[in-house]
Amino acid sequence: MLKNRLNDRELCLWVLKNAVRLVRMELDGVFNFLRSRKVFRVLSWFPLLLATQTLAAPQNEDPVEALIKAGEAAFPQCIVELQDKALNEGISQQTIDSHLKPLKFVPRVIELDRSQPEFTQTFANYFDKRVTDWRVSKGRELLVEHKVLLDKLKREYGVPPQYLLSFWGMETNFGGYKGKMPVLDSLATLACDSRRSGFFTQELMTALKLSQKYGFAAADMQGSWAGAMGHTQFMPSAYASYAVDGDGDGKADLWNSIDDALTSAANFLAHLGWQRNERWGREVRLPEAFDYQHLGQKKSLADWQALGLTQSNGEVLPQAQMEARLYLPAGHEGPAFLGYDNFQVIQRWNRSEFYAISVGHLADRISGAGRLAKAPPQQTRLSRAQIKALQQKLNEQGFDAGKPDGILGRNSRASLQAFQLSKGLVADGFPSAETFKALGL
């Protein structure tokens with residue numbers, strides 16, 4: 001046999017040279033051909049096809065288009081292998097036949113997964129689009145409409161009504177838009193893609209188990225391109241672990257039952273560590289000569305008060321035994337916030353600092369609070385190329401920002417803050433025009 005005449009390295013090279021010709025054959029014939037030569041013992045089918053199609057693509061072909069072509073070619077065999085995995089995980093043949101076998105590859109999912117915005121988003125742009133007058137007004141209406149349910153959830157789970165409504169508003173505009181992508185198709189497409197195959201394979205298996213448990217039709221399981229579902233956009237794993245039958249009809253339906261969705265959100269937040277009788281955080285005012293080296297450090301409210309911080313209206317901070325971190329999402333020229341333990345809980349739902357601040361402030365507004373004392377300033381959006389150049393300059397000058405990737409993460413901000421300190425600039429870790437100039441950019 002061929003495998004006996006070639007070593008593994010030679011066999012890999014043989015496969016790579018002939019794969020372009022092979023993928024043009026009937027798919028059944030392709031995989032029968034490969035199986036007959038035991039190629040699967042050297043390379044799994046998907047990385048093989050993905051690599052060969054990408055390498056064989058013309059130099060002027062969009063890399064994402066090459067990925068899509070490879071994915072479409074490999075998808076049928078991937079579904080065959082996913083059927084075997086589903087059986088091994090206890091999913092019935094009936095569910096496999098009705099929900100897994102007919103799944104289709106969705107090119108748009110690969111496009112969205114690989115997309116990288118050319119420009120970063122400013123805090124003002126993010127915040128102003130999410131904490132809107134309409135959402136505040138609608139949230140206040142729903143606070144009255146669902147008072148009985150929300151009060152019950154507060155007693156049982158410790159999460160105040162305004163926070164549940166804020167998450168609901170942020171995730172789906174209070175159920176106005178839950179997503180239109182076919183969840184099972186999307187998850188299968190991502191499971192058959194190399195980037196996060198393991199994660200999405202397990203999410204797909206979990207989604208199939210949910211459909212089997214609750215009798216969901218595949219066509220009714222719609223959501224985001226990444227597989228998030230229902231009023232509160234739970235991934236299948238969160239759905240399986242935290243969804244609750246809030247209306248007592250025998251199933252947890254996060255698409256069609258508001259009671260189920262809000263009860264599940266409260267249950268999820270409680271498991272994430274929500275602290276009863278505590279706020280998310282608050283807007284604060286900084287003193288004129290504030291030392292920005294304290295930015296991001298966890299301190300007691302008494303310590304923050306000693307450093308000169310007050311509430312946004314100038315009153316002293318509460319005398320509570322709580323700790324908090326300071327956040328400046330738009331740098332020192334924008335609003336300042338102290339984030340308490342529940343701020344970290346919000347970030348366990350969504351890691352974005354912008355998201356957590358928006359959820360917290362929207363909750364405050366729904367419960368009757370006014371606008372921010374200091375509105376987010378309108379700032380110039382920076383391109384990923386500009387951030388990448390900034391990171392490169394920081395590295396060149398001995399301030400380790402990590403590998404330049406165009407994303408201003410925690411490490412990049414820390415190195416930027418250290419550079420600003422060394423130059424006598426306001427050390428808020430924000431990429432201001434002054435900082436770019438000092439870096440020679």
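Remember, it's a predicted structure, so these values are computed and weren't measured experimentally. Both backbone and side-chain heavy atoms feed into the values below; hydrogens, waters and symmetry mates do not.
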- Message: Quick check: do E353 and Q347 have side-chain heavy atoms less than 4.5 Å from each other?
- Response: yes

- Does any N or O in the side chain of D364 come within less than 3.5 Å of the main-chain N or O of G370, such that one atom is a donor and the other an acceptor? no

- Any side-chain heavy-atom pair from E333 and F430 closer than 4.5 angstrom? no

- Message: Tell me if a side-chain donor or acceptor on R365 pairs with a main-chain N or O of V136 at a distance below 3.5 Å.
- Response: no

- Query: Side-chain contact, heavy-atom cut-off 4.5 Å: T201 with L187?
  - Reply: no

- Query: So, Q417 side chain and Y292 main chain: donor-acceptor pair closer than 3.5 Å or not?
  - Reply: yes

- Message: Filter on ring-ring contact (aromatic ring centres under 6.0 Å, His included), then keep only pairs touching residues 300-333, sequence neighbours left out; what's left?
- Response: Y327-F343

- With a 4.5 Å heavy-atom cut-off, do N125 and K129 have their side chains touching? yes

- Show your reasoning for whether ring pair (Phe, Tyr, Trp, His ring centres under 6.0 Å) applies to H99 and F216. CA-CA 10 Å; H99 286 65; F216 297 140; 9.3 Å; no

Let me have the donor-acceptor pairs involving side chains of residues 145-160, under 3.5 Å, with sequence neighbours excluded, atom names and distances please.
| unit_1 | atom_1 | unit_2 | atom_2 | d |
| --- | --- | --- | --- | --- |
| K147 | NZ | D151 | OD2 | 2.6 |

- Task: For side chain to side chain contact (heavy atoms under 4.5 Å, CB included), just list the numbers for M205 and L82, CA-CA rounded to whole Å, side-chain angles, deciding distance to a tenth of an Å, and then say yes or no.
- Result: CA-CA 9 Å; M205 294 299 115; L82 288 172; 4.1 Å; yes

- Under 3.5 Å side-chain donor-acceptor pair for E323 and S300: no

- Message: Taking the ring centre of each residue, are F167 and W349 less than 6.0 Å apart?
- Response: yes

- Task: Using the six-membered ring wherever Trp is involved, compare the ring planes of F234 and F268 and label them parallel, tilted or perpendicular (cut-offs 30° and 60°).
- Result: perpendicular

- Message: Can you confirm whether H231 sits close enough to L254 that some side-chain heavy atom of one is under 4.5 Å from a side-chain heavy atom of the other?
- Response: no

- Task: Check the angle between the aromatic planes of Y214 and Y239 and answer parallel, tilted or perpendicular using the 30° and 60° thresholds.
- Result: tilted

Cut-off 3.5 Å, no hydrogens considered: what does the side-chain donor-acceptor table look like for residues 434-441, sequence neighbours left out?
| unit_1 | atom_1 | unit_2 | atom_2 | d |
| --- | --- | --- | --- | --- |
| E434 | OE1 | S432 | OG | 3.4 |
| T435 | OG1 | Q420 | NE2 | 3.0 |
| T435 | OG1 | S432 | OG | 2.9 |

